[in-house]
Amino acid sequence: MNYTKKEYQEYLNQKSRSSTLLKDVLWAFFVGGIICVIGQAFFDIYTKGFSLQEEDARTAVSITMIFLGALLTGLDIYGKIAKRAGGGTLVPITGFANAIVSPAMEFKKEGLVLGLAAKMFTIAGPVLVYGITASALVGVVYYIMSFFGGGGI
Amino acid sequence: MSARYKIGRQTAEIKDVYIASSAAIVGEKEGEGPLADSFDIVLPDNEWNEKTWEKTESKMQREASRLAVTKANMRLEDIDRIFSGDLLNQCISAGFGLRELGIPFFGIYGACSTMIEGISLASLLLGGGFAERAVAVTSSHFCTAERQYRNPLEYGGQRTPSAQWTVTGSGAAVLQRGACDSGIGVTHITTGKIVDMGIKDANNMGGAMAPAAYDTIKTHFTETAIQPSDYDLIVTGDLGTIGAEILVELLEQDGIDISKNYKDCGCMIYDIERQDVHAGGSGCGCIGAVLCGHLMKELESGNIKSLLAVGTGALLSPTSSLQGESVPGIAHAVAIRRV
């Protein structure tokens, strides 16, 4: 073969079709947007229809969207939407639900303890670890800066 | 003492070894593809009445082996050796699938080239006079492969355009020493070297394996002095659309033209346009089912009289990919002719 490793890698890059960026971006935008609109609709229902306080309504919306994400995952519908929507289904909280429910379903065959429970966080684990860690760090920075800025942050 | 059948470093001449019969079992998606009629059994669903997909895949190997042996008018007790492997950790589809058959067992691993590796080893064993009848079998299952290598099935992830679809399929071939009714003989085997061009994208296996296929095919032609046109058909296991194109170009640069008689099993088993498999099929069952189904039927009917079957494998694991390793490729070739 006339290629060095590096040359072959470049050759392969040229040959490999890239994802259709515009189409993917548009799908992600619209589906992600619709999911957020649904969330907003629930928020309005909870504040206006059920007279919940805003704080409580936000929590209720999260619970509702997580439930819907889990339900659609269980019905094998979420994955089918995600195939087209990509980031649009990945980023909202419904995507997080899908990321936990799908391994839970899959690994149930290996038992409830060492299968389902142990493997449930294989995909969402990093989100939990780094998300919570980041929020703790931000909290520390905020606390320190509050001595300087006087609470205006 | 010279090795009587050695032709060059990687190739061996095989005499008196015939493929007596074969059987192929596939899943639903494959049963909706262009080769649907060539398979012995098409599964009604992913489970085939088993509780787990791993059990299903084991069942596929067991039943494909039984069926192939029956079609050869033999009994399981007549088979001296069985060679098998699969994609799962510790090759459990092979071990658990074949444990009831009571045949002396060699577990092997060539990733998606396992079918051809099995036929190669069986041919060497029989050709050397060490046994009379052997079976080479392998399998893959979309669900078991996704669980192990990628993500849970219900997970909302997207596949890249270069990704391939693991075939749910099992192929089994019965080989015997001495002429048989099928009239289909193994003439040469060329064993590949592991070739790694540093491709790190585990979603572009076709591109990673193409150099290995190129290396083995070129070596086969060089060591045997056979011309590409001497074969009615040359097939690779699962280079997919991208890998297949690259293979033709790489060989062309060395003056070897396979453009007129070359196909890739990953591109044959599915309708690429209609079936949403991105770059094509992959998995041990890809060349396993296509060879033991469609291609054997083509040879039996005389539509093709000579075939160079090149299994291609990617020797990565989920761990190696996470550790930043590249994807090493392997390709084994077996030459089959109507005699």
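The structure presented is a predicted model; accordingly, all values stated were derived computationally and were not measured. Numbers restart at 1 for each chain; the letters A, B, ... are given by sequence-line order, proteins then strands. Keep in mind that the numbers below use all heavy atoms, side chains included, and drop hydrogens, waters and symmetry copies.
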Check your understanding: By number, which residues in residues 191-198 of chain B have some heavy atom less than 4.5 Å away from chain A?
Key -> B:D196, B:M197, B:G198

Revision key, fill the gap. Among A:K109, A:K119, A:E7, the residue with the most heavy-atom pairs under 4.5 Å to chain B is A:K109

Point to revise | Structural part of A:E110 lying under 4.5 Å from a heavy atom of chain B | key: side chain

Check your understanding: In chain order, what residues pass the ring pair (Phe, Tyr, Trp, His ring centres under 6.0 Å) check against B:H332, with sequence neighbours excluded?
Key -> none

Check your understanding: So how far is it from B:Y214 OH to A:Y3 OH, rounded to the nearest 0.5 Å?
Key -> 10.0 Å

Review point. Hey, is the main chain of B:E154 close enough, under 3.5 Å, to the side chain of A:N98 for a donor-acceptor pair?
Key: yes

**Study point:** Nearest-0.5 Å distance, OG of residue A:S102 to CG of residue B:N151
**Key:** 7.5 Å

Check your understanding: Has A:F43 got more than 12 heavy atoms of other residues, nucleotides or ligands less than 6.0 Å from its CZ?
Key -> yes

**Study point:** Within 6.0 Å of NZ in B:K263, more than 12 heavy atoms from elsewhere
**Key:** no

Exercise for review: Supply the atom-to-atom distance B:S326 OG to A:Q9 CD, rounded to the nearest 0.5 angstrom.
Suggested key: 8.0 Å

Review point. Do any of residues 47-56 of chain B have a heavy atom less than 4.5 Å from a heavy atom of chain A, and if so, which, in residue order?
Key: B:K51, B:T52, B:W53

Practice item. Taking all non-hydrogen atoms of both residues into account, name the closest pair between A:S16 and B:N204 and its distance. Key: OG-ND2, 2.8 Å

Check your understanding: Is there a donor-acceptor pair closer than 3.5 Å between any side-chain N or O of B:Y155 and the backbone N or O of A:I100?
Key -> no

Exercise for review: Let me know if A:Y11 has heavy atoms under 4.5 Å from chain B in its side chain, its backbone, both or neither.
Suggested key: side chain

Study note, to complete from the structure: The reported gap from CG in A:N13 to CD1 in B:I199 (rounded to nearest 0.5 angstrom) is 7.5 Å

Point to revise | Euclidean distance, A:L12 CG relative to B:S162 OG, rounded to 0.5 Å | key: 8.0 Å

Practice item. Considering only heavy atoms, give the residues of residues 234-253 of chain B separated from chain A by less than 4.5 Å, sorted numerically, with 'none' for an empty result. Key: B:T241, B:I242, B:E245, B:I246, B:E249, B:L250, B:Q253

Check your understanding: Any idea which heavy atoms bring A:I123 and B:P152 closest together, and the distance?
Key -> CD1-CD, 3.7 Å

Review point. Would a distance-only check, ignoring hydrogens and angles, find a side-chain to backbone donor-acceptor pair under 3.5 Å from B:Q158 to A:K83?
Key: yes

Review point. Heavy-atom distance under 4.5 Å to chain B: side chain of A:S18, backbone, both or neither?
Key: backbone

Check your understanding: By a 4.5 Å heavy-atom criterion (distance strictly below it), what part of A:M1 contacts chain B: side chain, backbone, both, or neither?
Key -> both

Review point. Would you find more than 12 non-hydrogen atoms of other residues, nucleotides or ligands less than 6.0 Å from B:R274 atom CZ?
Key: yes

Review point. Heavy-atom distance under 4.5 Å to chain B: side chain of A:T20, backbone, both or neither?
Key: neither

Practice item. Look at atom CZ of A:R84 and say whether more than 12 heavy atoms of other residues, nucleotides or ligands are closer to it than 6.0 Å. Key: no

Practice item. Could you tell me which portion of B:D215 (side chain, backbone, both or neither) has an atom closer than 4.5 angstrom to a non-hydrogen atom of chain A? Key: neither

